[in-house]
Enquirer: 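One structure, as structure tokens, below. Some questions next.
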Amino acid sequence: MIINVFVYETIKKNYLDEKEMNYLTQANILSNRVRLSVDESTIEFNQLYLNQMMDEIGHLVEGRILIIDRNNNAIYDSFNDIRDTKISSEEISRALKGERVVSLYKLDRYGETMYISVPVIYYDRILGVVFMSISLQEAYNTINSVKNLLFFISLLTLLLITGISLVFANLISQPIKVLTEAMQRTAQGKLNERVDIDGNDEIGQLSRAYNFMSTKLSHIEKQRKDFVANVSHELKTPLSSMKLLAESLIMQPSNNISIYHEFLEDIDSEIDRLNEIIESLLSMVDLDEEKLNLNYKLTYVNYLIEKVVNNIRPLAEKKNIKIIISQWEKIQIFIDQGKIYQALMNIIYNAVKYTDDGGKITINIEKEGRYAVIKVTDTGYGIPKESLPYIFDRFYRVDSARSRKTGGTGLGLSISHQIISLHQGTIEVESEVKKGSTFIVRLPMDVNKH
Ligand SMILES: Nc1ncnc2c1ncn2[C@@H]1O[C@H](COP(=O)(O)OP(=O)(O)O)[C@@H](O)[C@H]1O
Ligand SMILES: [Mg+2]
């Protein structure tokens, strides 16, 4: 719009300047010619001579021409209208004083009009004025139509830009709106929300990140629910047994002390089981603490394993299971001794628990690249293929009936896994049903101790 106004004004000014120059020149020429029709004796215009000459050249000028003598009498009019009438106006009196005057008027009859007043000078004397009045209306019309065209183009551009902006704004804000609504639903607890926005732009990436977060959240929520259900169930089982045993005791009519003793022993072992579960839960919660500080100490893995095995040997001997430690060299690494002890204890204790009497357990300690590798191989029941992916999950047990008999919570391996992960190590399992299992623990030797 600003450019339009500027362009319009420039065109108008140039046009007017040019017209002014043109008409001034014409008026000057006229004034010079008119001078020739001066009667030398009276120093007045010679009317006859003037008419003759003006009829010759007057038609060359586009507008109306008046010749006015120094007494303001119109002595010639190309429109033959006001001949011999007195004309006075500011322009003419200024021209009579020797000035060249150009002025612009908007007249009702002719529209935009330019007045040119030029003095007629004869030997330093001002005899009269050549007055020209030229209508500029046609030219103004052209300029105005250009102005209107420019204005129309501007308006069209404005509409176009507004339209395009709206479309683009909508294109950008629509997916954001969808995402925002999905997030609000997530905040209200609907965890499995998904948004359908593709594309490789930032919004597409954001949507994918949101979908990923959503899936993860609902997964975590499911884990939490399962966990609560499992914990309740695990705690309820020993409590139910205790309740049953206690009720039987109350109902006992006889005061057979040996039955009392036997039932109390059962209750005692159920309490132990409850304790075991709660201890596992507590150590798991401990490991879940985000800012858990591992108490790193330079440790010989070999000695740590010997310590575990020494503690477990009485149990193994009861089942007539042989434990062999096979090692080529002493390996020293930075670990949290207590935690790694617990992890290895869980694994080796499992090996004893899930192996029939007379079996054999081999523990291999070796270096492999930047890792210390501990392999625990047993000749036990083995783990079915379909159970392998879940073996490190909380509360997961392959065969609940048999595991119940052997005791345990299904938390041991998940705790071991957590501890080893905290040490930036890995744990894997290979197993074949009825042949045995091998648990492979890798602990980095160049550990980054945060
Ligand atoms: N060495 C093993 N041989 C066979 N099965 C095993 C072995 N170690 C673990 N498992 C199976 O993995 C399950 C999970 O082990 P774990 O987390 O230690 O729980 P728990 O020993 O309390 O049952 C066990 O119930 C058992 O079925
Ligand atoms: Mg176990």
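Owing to the predicted nature of the structure, the values given are computational and were not obtained by experimental measurement. Whatever order the structure lists ligands and atoms in, that order sets their numbers, starting from 1.
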Enquirer: Nearest 0.5 Å, please: how far is OG in Ser135 from CE in Met114?
Expert: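 Answer rounded to 0.5 Å: 11.0 Å.
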
Enquirer: Which of the numbered atoms in ligand 1 are below 4.0 angstrom from a heavy atom of Ile391?
Expert: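 Here the atoms of ligand 1 in question are 11 (C), 12 (O).
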
Enquirer: Using distance alone, determine whether Ser414 and ligand 1 share an N or O pair under 3.5 Å.
Expert: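 By distance alone, the answer is no.
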
Enquirer: Scan residues 318-330 for pairs that pass salt bridge (Lys or Arg N to Asp or Glu O under 4.0 Å), counting only residues two or more places apart or in two chains.
Expert: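 Passing the test, one end in residues 318-330: Glu329-Lys367.
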
Enquirer: For Leu150, does its backbone N or O pair with a side-chain atom of Asn4 as donor and acceptor, under 3.5 Å?
Expert: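 Present.
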
Enquirer: Can you tell which of Phe439, Tyr354, Phe395 gets a heavy atom nearest to atom 23 (O) of ligand 1?
Expert: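 Looking at heavy atoms only, Tyr354 sits closest to atom 23 (O) of ligand 1.
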
Enquirer: With a 4.0 Å cut-off on heavy atoms, is Tyr396 touching ligand 1?
Expert: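 It does, in that a heavy atom of Tyr396 comes within the 4.0 Å cut-off of ligand 1.
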
Enquirer: Which one holds for Asp378 and ligand 1: side chain close, backbone close, both close, or neither close, with close meaning a heavy atom under 4.0 Å?
Expert: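 Contact part for Asp378 vs ligand 1: side chain (C-beta onward).
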
Enquirer: Using a 4.0 Å cut-off to any heavy atom of Ile383, which atoms of ligand 1 qualify?
Expert: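 Those of ligand 1 that fall under 4.0 Å from Ile383 are 4 (C), 5 (N), 6 (C).
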
Enquirer: Would you find a donor on one side and an acceptor on the other, under 3.5 Å apart, between the side chain of Ser78 and the backbone of Ile65?
Expert: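 Yes, Ser78 side chain to Ile65 backbone: donor-acceptor pair under 3.5 Å.
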
Enquirer: Atom CG of residue position Leu156 - does it have more than 12 heavy atoms of other residues, nucleotides or ligands inside 6.0 Å?
Expert: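 It does: Leu156 CG has more than 12 such atoms within range.
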
Enquirer: Determine, for Glu430 against Lys435, whether the closest basic-nitrogen to carboxylate-oxygen distance falls under 4.0 angstrom.
Expert: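 Answer for the salt bridge query: no.
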
Enquirer: Does a side-chain N-to-carboxylate-O contact under 4.0 Å join Arg224 and Glu221?
Expert: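 Yes, Arg224 and Glu221 are salt-bridged.
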
Enquirer: Show your reasoning for whether side chain to side chain donor-acceptor pair (under 3.5 Å) applies to Asn275 and Glu279.
Expert: CA-CA 6 Å; Asn275 248 336; Glu279 250 161 46; 5.5 Å; no

Enquirer: Would the Tyr296 and His423 ring centres measure less than 6.0 Å apart?
Expert: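 Yes: the rings meet the under 6.0 Å criterion.
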
Enquirer: Which protein N, O or S atoms does the Mg ion (ligand 2) have within a distance shorter than 2.8 Å?
Expert: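 Listed by chain and number: Asn350 OD1.
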
